[in-house]
2 protein chains.
Amino acid sequence: MPGKKVHTIADLVREFGVTARTIRFYEAEGMLTPERQGQQRLYHPRDRVRLTLILRGKRLGFTLAEIREIIDLYHADPGELGQLQYFLDKIQERRADLEQKRRDIELTLKELEEVDQTCRQRLSELAHAGSQEAAE
Amino acid sequence: MPGKKVHTIADLVREFGVTARTIRFYEAEGMLTPERQGQQRLYHPRDRVRLTLILRGKRLGFTLAEIREIIDLYHADPGELGQLQYFLDKIQERRADLEQKRRDIELTLKELEEVDQTCRQRLSELAHAGSQEAAE
DNA sequence: ATCATAGTTGACGTTTACGTAAACGGAAAC
DNA sequence: GTTTCCGTTTACGTAAACGTCAACTATGAT
């Protein structure tokens, strides 16, 4: 299906697991720009890419405003030199943010792993105690 | 300062860069449990740890409800066997979630790195063109 | 005694990101 | 031809996570 040229809103609903309301909301926010055929919307690959980026950003806890900024970075017209430096700064901000998130994730994963170990150990202890009891 | 035994709310405001309103809100949500000395709140190391976890969770885009769940996993009483299996499942959920976030981060970082490269190249081109112009 | 400083307690306001319901349009199925 | 299905528009509703007063209280400094 993703190979198809254009998609209806229901296609996107199925593919991305979001509601039509959400998709239209993103359009109202200027983050999607489907073609119009009469009254209906037709979504092109470009829109699917953008929706992918939006949802990825959401999973990372970015606000729509931040996601918009990030997407804008992708399609930024090089423009003039001052703009370029501005973009590079923005990119650095985002990268720093993402690297912080990465550190947070590593920490949390490490801690959860410890808890997991403790649980499993306790579990095997209980199992052992259970078989002991059964043997008595 | 973090070595001190107890802290006032203003201490936490300074240390964590959040407002007192926020700290009290987290307490109202049952995520902090400061001691009371008369009317004032006194925050113990335990509260600082929890606040750290809360803010880390926020950076990762977890809701307070999710953060509460995660923190609960840390302090989960082993309890009985059924509970243990439940905890292990919960832990797996969280880990899967975090690993998804990690993949999202890697992707975004990679893409931003490309944009960064493109920008820097364009920048050097412009600089070169500029010196060319100056030479003409 | 009073003034400034720090903290507290409601209570209502605000933003973000949608949910939900009503009312309508077009086309396709029966 | 009229249900049925899919989509649209408009508009009000809502939950989460605080912000922002306003009106105290306690405490230490002057």
Side-chain angles (χ1 to χ4, degrees), chain A residues 1 4-44 47-48 50-72 97 101 104, chain B residues 1 4-44 47-48 50-72 97 101 104:
Chain A
M1 280 299 180
K4 226 169 39 178
K5 289 264 169 52
V6 296
H7 302 77
T8 116
I9 201 169
D11 290 342
L12 296 192
V13 165
R14 272 188 293 278
E15 185 179 349
F16 291 92
V18 297
T19 71
R21 175 71 178 89
T22 298
I23 295 175
R24 294 195 200 99
F25 177 75
Y26 292 157
E27 179 185 349
E29 294 293 298
M31 308 182 73
L32 297 177
T33 52
E35 181 195 341
R36 280 292 181 137
Q37 183 160 309
Q39 198 179 20
Q40 285 197 209
R41 293 165 168 87
L42 289 183
Y43 296 89
H44 290 258
D47 294 306
R48 288 186 51 252
R50 286 188 158 238
L51 189 47
T52 303
L53 293 177
I54 294 171
L55 297 182
R56 187 202 290 167
K58 294 231 71 187
R59 283 197 298 273
L60 292 177
F62 288 115
T63 69
L64 287 185
E66 289 168 326
I67 294 171
R68 197 197 325 267
E69 263 201 53
I70 296 176
I71 293 183
D72 285 353
D97 193 323
K101 281 186 202 290
D104 287 331
Chain B
M1 280 300 178
K4 226 168 39 176
K5 289 261 171 53
V6 297
H7 303 76
T8 111
I9 201 169
D11 290 341
L12 296 193
V13 165
R14 272 187 293 277
E15 185 180 348
F16 291 92
V18 296
T19 71
R21 175 69 178 90
T22 297
I23 294 175
R24 294 196 199 98
F25 177 75
Y26 292 155
E27 180 186 348
E29 294 293 298
M31 308 181 74
L32 297 177
T33 52
E35 182 196 340
R36 281 292 182 135
Q37 183 159 309
Q39 198 178 19
Q40 286 198 207
R41 294 166 168 86
L42 290 182
Y43 296 88
H44 290 257
D47 294 307
R48 287 186 51 253
R50 287 189 156 236
L51 189 48
T52 302
L53 293 177
I54 293 171
L55 298 182
R56 187 202 290 167
K58 292 232 73 186
R59 284 196 299 273
L60 292 178
F62 288 114
T63 68
L64 287 185
E66 288 168 325
I67 294 171
R68 197 198 324 266
E69 263 201 53
I70 295 176
I71 294 183
D72 285 352
D97 193 322
K101 282 184 202 290
D104 287 331

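Lettering of chains follows the sequences in order, A, B, ..., and the numbering in each one begins at 1.
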For the residue pair A/Phe62 and A/Lys101, establish whether any side-chain heavy-atom pair is separated by less than 4.5 Å.
yes

How would you give the extent of chain A contacts on DNA chain D, as first and last nucleotide 5' to 3' within a 4.0 Å heavy-atom cut-off?
D/dG7 to D/dA11

Once you round it to whole Å, what is the distance between C1' of C/dT5 and CD1 of B/Ile9?
15 Å

Separation between CG (B/Leu55) and OG1 (B/Thr22), nearest 0.5 Å, reads 9.0 Å

When all nucleic acid strands are considered with a 4.0 Å heavy-atom cut-off, which category describes B/Arg24: base, sugar-phosphate, or nothing?
base

Beyond-backbone contact of B/Glu66 with B/Thr63, side-chain heavy atoms, under 4.5 angstrom
yes

Considering only heavy atoms from C-beta outward, does the side chain of A/Leu42 approach that of A/Asp47 to under 4.5 Å?
no

Is there a side-chain contact (heavy atoms from CB on, under 4.5 Å) between B/Leu53 and B/Arg56 once you walk through the steps?
CA-CA 5 Å; B/Leu53 293 177; B/Arg56 187 202 290 167; 3.9 Å; yes

Enumerate the residues from residues 56-71 of chain B whose closest heavy atom to DNA chain D is under 4.0 Å, giving them by residue number; use none for an empty result.
B/Lys58, B/Thr63, B/Leu64

Report yes if a side-chain nitrogen or oxygen of B/Arg36 is closer than 4.0 Å to either non-bridging phosphate oxygen (OP1 or OP2) of C/dT9; otherwise report no.
yes

Figure out the CD/C1' separation between B/Gln39 and C/dT9, and round it to whole Å.
8 Å

How long is the gap from NE2 on B/His7 to CZ on B/Phe16, to the nearest 0.5 Å?
8.0 Å

Under 3.5 Å, which donor-acceptor pairs link side chains of residues 23-38 of chain B to any protein atom two or more places apart or in another chain?
from: B/Glu27; atom 1: OE1; to: B/Arg41; atom 2: NE; distance (Å): 2.6
from: B/Thr33; atom 1: OG1; to: B/Arg46; atom 2: NE; distance (Å): 3.4
from: B/Glu35; atom 1: OE1; to: B/His44; atom 2: NE2; distance (Å): 2.6
from: B/Arg36; atom 1: NH1; to: B/Gln39; atom 2: O; distance (Å): 2.6

Take atom CZ of B/Phe25 and atom C1' of C/dT9, then tell me their distance rounded to the nearest Å.
16 Å

Applying side-chain contact (heavy atoms from CB on, under 4.5 Å), run through A/Leu64 and A/Ile54 and close with a yes or a no.
CA-CA 8 Å; A/Leu64 287 185; A/Ile54 294 171; 4.1 Å; yes

Of A/Gln40 and B/Thr8, whose closest DNA chain C nucleotide lies nearer the 5' terminus?
B/Thr8

Pair A/Arg14-A/Asp11, salt bridge (charged side-chain N to carboxylate O under 4.0 Å, His left out): steps then yes or no
CA-CA 5 Å; A/Arg14 272 188 293 278; A/Asp11 290 342; 3.0 Å; yes

Could you check how far CZ of B/Arg41 sits from C1' of C/dA6, rounded to whole Å?
13 Å

Write down the distance between NE2 (B/His7) and C1' (C/dA6), rounded to a whole number of angstrom.
17 Å

